[in-house]
Amino acid sequence: MKRTKIIEALRGDAGRADILVKGWVRTRRDAKDVSFLEVNDGSCRANIQVVADAGMEGYSLLKDMGVGSAVGVRGELVASPGKGQRWELRAASVVLIGAADQESYPLQKKRHSDEFLRTIAHLRPRTNKYGALFRIRSELSFAIHEFFHDRGFAYVHSPILTGSDCEGAGEMFRVTSLGARETAGLSSGERAAKDFFGKDAFLTVSGQLAAEVFACSLGDVYTFGPTFRAEHSDTSRHAAEFWMLEPEMAFADLVDDMDLGEALLKSLTDAVLSRCASDVELFASFVDKELPGRLVNIRDKPFVRLPYGEAVEILAGCGQGFQYPVGFGLDLQSEHERYLAEVHCGCPVIVYDYPKEIKAFYMRQNDDGRTVAAMDVLAPGIGEIIGGSAREERLDVLEARVAELGLTMDDYWWYLDLRRFGSVPHAGFGLGFERLLMLLTGITNIRDVIPFPRTYRHLEF
RNA sequence: UCCCCGGUAGCUCAACCGGCAGAGCGGGUGGCUGUUAACCACUAGGUCGGGUGUUCGAAUCACCCCCGGGGAGCCA
């Protein structure tokens with residue numbers, strides 16, 4: 001007999017004579033001649049209540065069906081006479097699929113701390129909170145593909161391995177197939193020549209350059225995949241491996257870029273609100289009481305758009321005592337970003353036209369000669385959630401900027417070729433997927449929104 | 001890398017000014033005629049993160065180290 005998923009069993013409007021449910025026991029309550037099993041199979045937040053009467057086939061197995069054990073239950077789905085659930089499964093027979101030793105099973109019925117659950121990342125998805133979280137993560141990934149697919153964007157698989165050591169966004173992990181013995185005594189150049197690719201190889205820090213290439217051929221594209229940073233950042237918002245979404249549009253300017261970013265965030269927020277209502281409710285109850293209001297706010301209220309110069313004036317004149325100085329040419333600090341989003345605007349805010357000194361070389365220079373067409377979306381509680389720009393498509397301007405900064409583009413002849421042959425204005429942005437999840441769930445530590453977090457000094461599981 | 005807070009039973013935490021190591025939950029055993037993170041009774045369970053020092057006496061005070069958390073910088 002085929003198993004019925006619990007989400008399916010609980011969704012109907014009628015009882016069912018004979019179904020088979022499989023899942024893990026969340027708790028068991030025994031009375032003298034009847035036992036109640038709460039079984040969860042991960043398909044939804046809700047458990048199904050199994051009622052097992054003495055004398056039922058397999059009743060003697062019940063004593064081994066403790067918390068965490070895997071069971072199969074066949075029986076009749078009937079309206080529940082008890083409070084707390086609409087349907088229950090009146091068991092005709094039960095089987096023990098996989099026992100869980102009660103003395104050593106680490107999950108208890110009661111709430112655990114996030115810190116403890118991180119030490120058992122292989123079991124934490126079996127808890128209500130992490131089950132809900134990882135269902136949302138999955139739904140959100142799907143919603144991203146839907147959003148772009150509906151708009152005619154092509155999904156580009158940017159490479160994970162790269163031979164370029166300055167994609168422009170931080171420290172990189174070097175990849176090698178050589179052991180210590182094979183490299184002993186070699187210079188770095190000799191070592192690179194002997195290595196797998198005949199040159200140094202790294203894990204990518206961004207798919208942007210590949211996205212630009214494909215935008216300048218397929219038009220509208222996006223990349224969505226893992227990226228890697230070897231920075232020694234040890235904070236609740238940084239991981240060494242994280243997922244990044246990077247759309248890129250040809251024939252587009254900064255306004256198009258901002259429009260896309262705002263539409264994307266609104267669409268994804270709506271998707272989570274409408275498709276994961278029960279899971280969102282869990283986060284509203286146990287993680288962040290203000291979550292539903294914040295999500296509705298993101299979905300419904302137009303984002304404020306603020307030129308960097310105005311943002312600086314607001315910060316300088318607001319009377320707030322900031323720890324770091326405010327002034328044109330200085331980068332916005334966390335405290336400034338949060339003031340703008342949380343206090344001044346009360347909703348996500350897009351700051352744009354930043355001084356060129358504090359932004360990357362590839363960003364398109366504005367006519368004022370001192371700013372670039374860059375934009376950051378700052379979200380309440382999180383800070384920067386999106387960072388993007390129009391790209392410098394004018395070869396001479398780009399080369400001048402590269403020279404000015406003392407960079408070398410030797411490895412990027414192909415990137416410059418985009419500006420040599422049929423160059424077009426184009427724009428895009430990067431969105432940190434984990435940070436988006438934090439924004440949409442209220443979870444405050446990045447290690448708790450990724451299945452197996454990789455952070456500085458931590459590589460478990 | 002810097003600043004702050006913490007580490008006591010499997011988990012979450014108490015232990016006041018230095019004086020016998022505690023509770024709830026979880027586990028085990030037994031009980032209970034429909035329970036809702038059930039309930040009742042009994043019970044097992046400790047290198048007080050590690051080291052050094054001060055003291056008649058250290059979970060408690062001092063110093064060093066390890067680990068965890070929060071914040072900052074950098075960023076996504």
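Numbers restart at 1 for each chain; the letters A, B, ... are given by sequence-line order, proteins then strands. On a predicted model such as this, the values are computed, not experimentally measured, just so you know.
With sequence neighbours excluded, the residues that form a salt bridge (Lys or Arg N to Asp or Glu O under 4.0 Å) with A:K129 are A:D114. The salt bridge (Lys or Arg N to Asp or Glu O under 4.0 Å) test applied to A:E115 returns no partner, not counting sequence neighbours. When the salt bridge (Lys or Arg N to Asp or Glu O under 4.0 Å) test is applied to A:E393, the partners found at least two apart in sequence or on another chain are A:R364. Partners of A:R126 according to the salt bridge (Lys or Arg N to Asp or Glu O under 4.0 Å) rule, which considers only residues two or more places apart in sequence or in another chain, do not exist here.
OP1 or OP2 of B:U35 has not a single side-chain nitrogen or oxygen of A:S35 nearer than 4.0 Å. Contact check, A:K32 against B:C32: a side-chain N or O comes under 4.0 Å of OP1 or OP2. For B:U35, the OP1/OP2 oxygens have no side-chain nitrogen or oxygen of A:R29 closer than 4.0 Å. Distances shorter than 4.0 Å separate none of the side-chain N or O atoms of A:R28 from OP1 or OP2 on B:A37. Within the 4.0 Å cut-off from OP1 or OP2 of B:G71, at least one side-chain nitrogen or oxygen of A:S236 is found. In terms of phosphate contacts, A:Q333 brings a side-chain nitrogen or oxygen within less than 4.0 Å of OP1 or OP2 of B:G73.
A heavy atom lying under 4.0 Å from RNA chain B marks the following residues of residues 438-461 of chain A, by number: A:N445, A:I446, A:R447, A:Y456, A:H458. Against RNA chain B, the stretch residues 16-27 of chain A makes heavy-atom approaches under 4.0 Å through A:T27. Within residues 123-134 of chain A, no residue places a heavy atom under 4.0 Å from RNA chain B.
The OH atom of A:Y222 sits 8.5 Å away from the CD1 atom of A:I144 when rounded to the nearest 0.5 Å. The CZ atom of A:F242 sits 9.5 Å away from atom CD1 of A:I450, with the distance rounded to the nearest 0.5 Å. Annotation: the span from A:F283 atom CZ to A:N128 atom CG amounts to 10.0 Å, rounded to 0.5 Å.
A donor-acceptor contact under 3.5 Å links the side chain of A:S233 to the base of B:C74. The base of B:C74 is paired with the side chain of A:H238 by a donor and an acceptor separated by under 3.5 Å.
Using the six-membered ring where Trp is involved, A:F116 and A:H112 have ring planes that are tilted, between 30° and 60° apart.
Residue-nucleotide stacking is present for A:F242 and B:A76, judged by a side-chain ring centre under 5.5 Å from the six-membered base ring centre and planes under 30° apart.
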Atom pairs and distances, donor-acceptor, side-chain atoms in residues 54-77 of chain A, under 3.5 Å, two or more places apart:
from: A:S69; atom 1: OG; to: A:G66; atom 2: N; distance (Å): 3.3
from: A:S69; atom 1: OG; to: A:G66; atom 2: O; distance (Å): 2.7
from: A:R74; atom 1: NE; to: A:D18; atom 2: OD1; distance (Å): 3.1
from: A:R74; atom 1: NE; to: A:D18; atom 2: OD2; distance (Å): 3.3
from: A:R74; atom 1: NH2; to: A:D18; atom 2: OD2; distance (Å): 2.8

Show me the side-chain donor-acceptor pairs of residues 339-347 of chain A shorter than 3.5 Å, one per line, residues at least two apart or across chains.
from: A:E342; atom 1: OE2; to: A:R338; atom 2: NE; distance (Å): 2.8
from: A:E342; atom 1: OE2; to: A:R338; atom 2: NH2; distance (Å): 3.3
from: A:E342; atom 1: OE2; to: A:G381; atom 2: N; distance (Å): 2.7

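Atom C1' of B:G46 sits at a distance of 15 Å from the matching atom of B:A14, rounded to the whole Å.
Rounded to whole angstrom, the span from the CG atom of A:N47 across to the P atom of B:U36 amounts to 15 Å.
Annotated as anti: B:C25, whose O4'-C1'-N torsion sits more than 90° from 0.
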Is there any protein nitrogen or oxygen under 3.5 Å from a nitrogen or oxygen in nucleotides 5-14 of chain B, and what are the pairs?
from: B:G10; atom 1: N2; to: A:Q108; atom 2: OE1; distance (Å): 2.7
from: B:C11; atom 1: O2'; to: A:H112; atom 2: ND1; distance (Å): 3.3
from: B:U12; atom 1: OP1; to: A:S113; atom 2: OG; distance (Å): 2.5

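Note on A:E434: nothing from the nucleic acid sits closer than 4.0 angstrom, heavy atoms only.
Side chain of A:R435, nearest nucleotide from B:U35, B:A72, B:C75: B:C75.
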What dot-bracket string describes RNA chain B from 5' to 3', counting Watson-Crick and G-U wobble pairs whose defining distances are under 3.5 Å, with [ ] for crossing pairs and | for pairs to another strand?
(((((((..((((.....[..)))).(((((.......))))).....(((((..]....))))))))))))....

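Applying the salt bridge (charged side-chain N to carboxylate O under 4.0 Å, His left out) test to every pair with at least one member in residues 436-448 of chain A, sequence neighbours left out, gives these pairs: A:R118-A:D448, A:R124-A:D448, A:D234-A:R447.
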